[in-house]
Amino acid sequence: MHRRTLVKSAAALGLAGGLGFNAFAAGKIKPGAKAALIVVDVQNCFLDGGTLAVKGGNEVIPVINALAPAFENIVVTQDWHTAGHASFASTYSGKKPFETTKLSYGTQVLWPDHCVQGTDDAALGKELKVPTAQLVIRKGFHKDMDSYSAFEEADHKTATGLAGYLKARGIKTVYVTGLATDFCVAWTAMDARKAGFDAYVIEDATRGIDLNGSLAAAWKQMAAKGVKRIQSADIQAA
Ligand code: VGL
Ligand code: ZN
């Protein structure tokens, strides 16, 4: 083979400069009209100083802000609980945050009071910049039931309406980002699969809570459901 040909094929394989294939535009994902970015729960409650702060949670904000211009469709979610919500440890006597209890729909992790409707704690992070987002969907607003997923509540029956919205808009693929990887992001991505969408989680645009190994478990469960794990560099910038 001539040297010129060798150089050319090395470039085609993305070997030049030691860069991975995905650093080359040809290998990148271009989200089109049928794709939506879902920004899960980037709210003060889950950011530094919030009532249920996720370690490194603030680090997802610049990543999401940079991804947003590449998407024609963006949905933002907010965890939006009543005071005295069934997912709050303070609702039960003798229960502490991060313990569990049994509710009608199964085991519920009990959390510190967080994301109470209308509070500053429940507001979207001030530095989050997704001005083109078309829908804000709130979840977890039924007092007796939690909703990690943006698609359905914890009884796995009550719909939020998101699947219908996305289908009516012709969306086929969702890219999930935000907080927390092992709870609301994972449940949203898995329920997207259940509702018939292709689903990707953009890992560096998420951070996890990792309660008793929940982060590794969530990645395993997501893989089993056909959720694909990618990085923000895999998306073609706008
Ligand atoms: C979440 C715990 C409780 C989340 C919401 O957004 O991942 N986690 N409520
Ligand atoms: Zn919550």
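Since we're looking at a predicted model, the values are computed, not measured. Atoms within a ligand are numbered from 1 in the order they appear, just like the ligands themselves.
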Engineer: By ring-ring contact (aromatic ring centres under 6.0 Å, His included), which residues pair with Tyr200, not counting sequence neighbours?
Structural biologist: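 For Tyr200 the ring-ring contact (aromatic ring centres under 6.0 Å, His included) partners, ignoring immediate neighbours, are Tyr175.
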
Engineer: More than 12 non-hydrogen atoms from neighbouring residues, nucleotides or ligands closer than 6.0 Å to NZ on Lys143, yes or no?
Structural biologist: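 Not buried by this count: 12 neighbours or fewer within 6.0 Å.
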
Engineer: Quick check for you: with the Zn ion (ligand 2) as the vertex, what angle do NE2 of His81 and OD2 of Asp79 span, to 10°?
Structural biologist: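 It rounds to 90°.
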
Engineer: Considering residues, nucleotides and ligands other than Lys95, do more than 12 of their heavy atoms fall under 6.0 Å from its NZ?
Structural biologist: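 Atom NZ in Lys95 is crowded, with more than 12 foreign heavy atoms closer than 6.0 Å.
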
Engineer: Please tabulate protein-ligand N/O pairs under 3.5 Å for ligand 1, atom names and distances to 0.1 Å.
Structural biologist:
{"residue": "ligand 1", "atom": "6 (O)", "partner": "Asp41", "partner atom": "OD2", "Å": "2.7"}
{"residue": "ligand 1", "atom": "6 (O)", "partner": "Leu179", "partner atom": "O", "Å": "3.3"}
{"residue": "ligand 1", "atom": "7 (O)", "partner": "Ala180", "partner atom": "N", "Å": "2.9"}
{"residue": "ligand 1", "atom": "7 (O)", "partner": "Cys184", "partner atom": "N", "Å": "3.0"}
{"residue": "ligand 1", "atom": "9 (N)", "partner": "Asp79", "partner atom": "OD2", "Å": "3.0"}
{"residue": "ligand 1", "atom": "9 (N)", "partner": "His114", "partner atom": "NE2", "Å": "3.1"}

Engineer: Report yes if the distance between the aromatic ring centroids of His114 and Phe88 is under 6.0 Å, otherwise no.
Structural biologist: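 Yes; Phe88 has its ring centre under 6.0 Å from that of His114.
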
Engineer: Hey, is the main chain of Ala86 close enough, under 3.5 Å, to the side chain of Thr91 for a donor-acceptor pair?
Structural biologist: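 Not a single qualifying donor-acceptor pair exists.
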
Engineer: What do you reckon, is CD of Glu127 surrounded by more than 12 foreign heavy atoms closer than 6.0 Å?
Structural biologist: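 For Glu127, atom CD is not crowded (no more than 12 foreign heavy atoms under 6.0 Å).
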
Engineer: Just wondering, do Tyr165 and Val75 contact through their side chains at under 4.5 Å, heavy atoms?
Structural biologist: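 Yes. Closest side-chain heavy atoms under 4.5 Å.
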
Engineer: Between His114 and the Zn ion (ligand 2), is there a contact where an N/O/S atom of the residue lies under 2.8 Å from the metal?
Structural biologist: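 Coordinating: yes.
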
